[in-house]
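Below, all heavy atoms of this structure are taken into account, side chains as well, without hydrogens, waters or symmetry copies. Numbers restart at 1 for each chain; the letters A, B, ... are given by sequence-line order, proteins then strands.
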Number of protein chains: 2
Amino acid sequence: MNSATRDKIIRTAMDLFWVKGYNSTSISDILSRTQVHSGSLYHFFPGKQDVLIAVLETYRDEIDVGLLDHAWEGVEDPVEKIFALLNGYRTHLLTTDYQYGCPIGSLALELHEPDPRVRELIDRNFRNWVDAVENCLVEAADRFPRDLDRRALAEFILTIMEGAIMQARTAQDIGLFDRNVDVLREHLDLLMKQRAMQDS
Amino acid sequence: MNSATRDKIIRTAMDLFWVKGYNSTSISDILSRTQVHSGSLYHFFPGKQDVLIAVLETYRDEIDVGLLDHAWEGVEDPVEKIFALLNGYRTHLLTTDYQYGCPIGSLALELHEPDPRVRELIDRNFRNWVDAVENCLVEAADRFPRDLDRRALAEFILTIMEGAIMQARTAQDIGLFDRNVDVLREHLDLLMKQRAMQDS
DNA sequence: TTATTGGTTGAACAATCAATCAAGTCAGCT
DNA sequence: AGCTGACTTGATTGATTGTTCAACCAATAA
């Protein structure tokens, strides 16, 4: 199987779906960008949706190398790793004039009645992201209240990321992103103070 | 001007854009649902995007009667009004099998390179929502820390609403919505405790 | 050499899309 | 009655969509 062509299609589709969305990206958009012809694409993928599935599988399989490793380079503290992750999205917004938000979140809201396989893959990507944050919280468990629901807080942090991107992009104002993160930071500070009280 | 037809088109488009999204709703979808013919639609609207603009203007103009009045019926406490607002979205998710989320948020993430008029109208709708929440926080100002950034917290609450809907819809699990709201409630409780400390 | 396999080419197709427009209807005004 | 202008009808257009397919190519194996 010539995976070079297949891979080129997936990489291009990842980028196009990210910037333009799924419905606004046509097969011919992918073909012209990849210099691949339609018959070749349909040799590897039964249809457009299967390209989307391959894209989501790639995100799922590459969360470490594609996202976390880069965001956490040189960051050791588990709590700061959370904010470093958020800061990665902030940088994307700024360096692309608010064009690149969260590729998964965009798809999640754009596809209203998705095929079950698509829905489950989006869900899986969210859960992997939440897992990564939850692991940070586990690493920092000694700083947070003993009865903290770490899963719920990790889901909450995903929520903040998605909502902050949505608002900053719509307003084209990074202040909205920053203020959201500030409030999150304050919440974490309050939780850590709570733990300090427990310990004393 | 026969606003009956025009209004019927707008109401139908509001619903279709909400459930199916903008790109997945065709003009003929609107025509068949309204029993209006294409020439009639194009008599009132120069194009599809102008229908979207009219929809967004309607949301903007009807936030009180269309959203807040209903959500706040019988709720007096300003903090509880915030949670009543969130609960309205929760009910929509549950009663429609996760089909109806936030109509504005869906459009915000679906439309990637929107016309400036569209982007500004989505932004206006967000700001009106934030204004409403901020007013609740002002009403309850005596319960929160004196130096609270109420605007930032109101934006944060919009973020939670949008993120909670996104996750609950994707997972088709209301638990994700509820846990997000729980964490918000805990944050507000912590803030109120802070104020209680200030006062004592 | 011949056959097979995996991959490529690019014209073509049917369906659907947003949008157009000439002809028509009807109510209100002069 | 006759005119005007707002609104309606619905067939039609041209562009774009996702998809198909028969012919073709190149490398490997028999």
* **Spacing of A/Lys8 atom NZ relative to C/dT8 atom C1', expressed in whole Å** => 12 Å
* Asked: Between B/His37 and D/dT8, does any side-chain N or O lie under 4.0 Å from OP1 or OP2?
  -> no
* To do: Sugar-phosphate atoms are those with a prime plus P, OP1 and OP2; base atoms are the rest. Using that split, label each nucleotide of nucleotides 18-25 of chain D B, S or - for protein heavy atoms under 4.0 Å, 5' to 3'.
  => SBBB----
* To do: Grab the CZ-P distance between B/Phe44 and C/dA18 for me, whole Å please.
  => 19 Å
* Any ring pair (Phe, Tyr, Trp, His ring centres under 6.0 Å) pairs touching residues 48-87 of chain A, not counting sequence neighbours? -> none
Please table the atom pairs, donor to acceptor, closer than 3.5 Å between any side-chain atom in residues 92-109 of chain A and protein atoms at least two apart or in another chain.
residue: A/His92; atom: ND1; partner: A/Gly88; partner atom: O; Å: 3.4
residue: A/Thr95; atom: OG1; partner: A/Thr91; partner atom: O; Å: 2.8
residue: A/Thr96; atom: OG1; partner: A/His92; partner atom: O; Å: 2.6
residue: A/Thr96; atom: OG1; partner: A/Gln99; partner atom: N; Å: 3.3
residue: A/Thr96; atom: OG1; partner: A/Tyr100; partner atom: N; Å: 3.1
residue: A/Tyr98; atom: OH; partner: A/Ile174; partner atom: N; Å: 2.9
residue: A/Tyr100; atom: OH; partner: A/Asp15; partner atom: OD1; Å: 2.9
residue: A/Tyr100; atom: OH; partner: A/Asp15; partner atom: OD2; Å: 3.4
residue: A/Ser106; atom: OG; partner: A/Cys102; partner atom: O; Å: 3.2

Show me the donor-acceptor pairs, under 3.5 Å and distance only, between side chains in residues 38-45 of chain A and residues at least two apart or in other chains.
none

* A/Asn180 and B/Thr159: side chain donor to acceptor below 3.5 Å -> yes
* To do: Send over the distance from B/Arg6 CZ to D/dA6 P, rounded to a whole Å.
  => 15 Å
* Grab the CD1-P distance between A/Ile30 and D/dT17 for me, whole Å please. => 11 Å
* Value in whole Å for how far the C1' atom of D/dT8 lies from CD1 of B/Ile9 -> 11 Å
* Pair listing, salt bridge (charged side-chain N to carboxylate O under 4.0 Å, His left out) test, anchored in residues 39-57 of chain A, at least two apart -> none
* Which residue pairs satisfy the salt bridge (charged side-chain N to carboxylate O under 4.0 Å, His left out) criterion with at least one member in residues 160-183 of chain A, sequence neighbours excluded? -> A/Arg90-A/Asp178, A/Arg179-B/Glu155
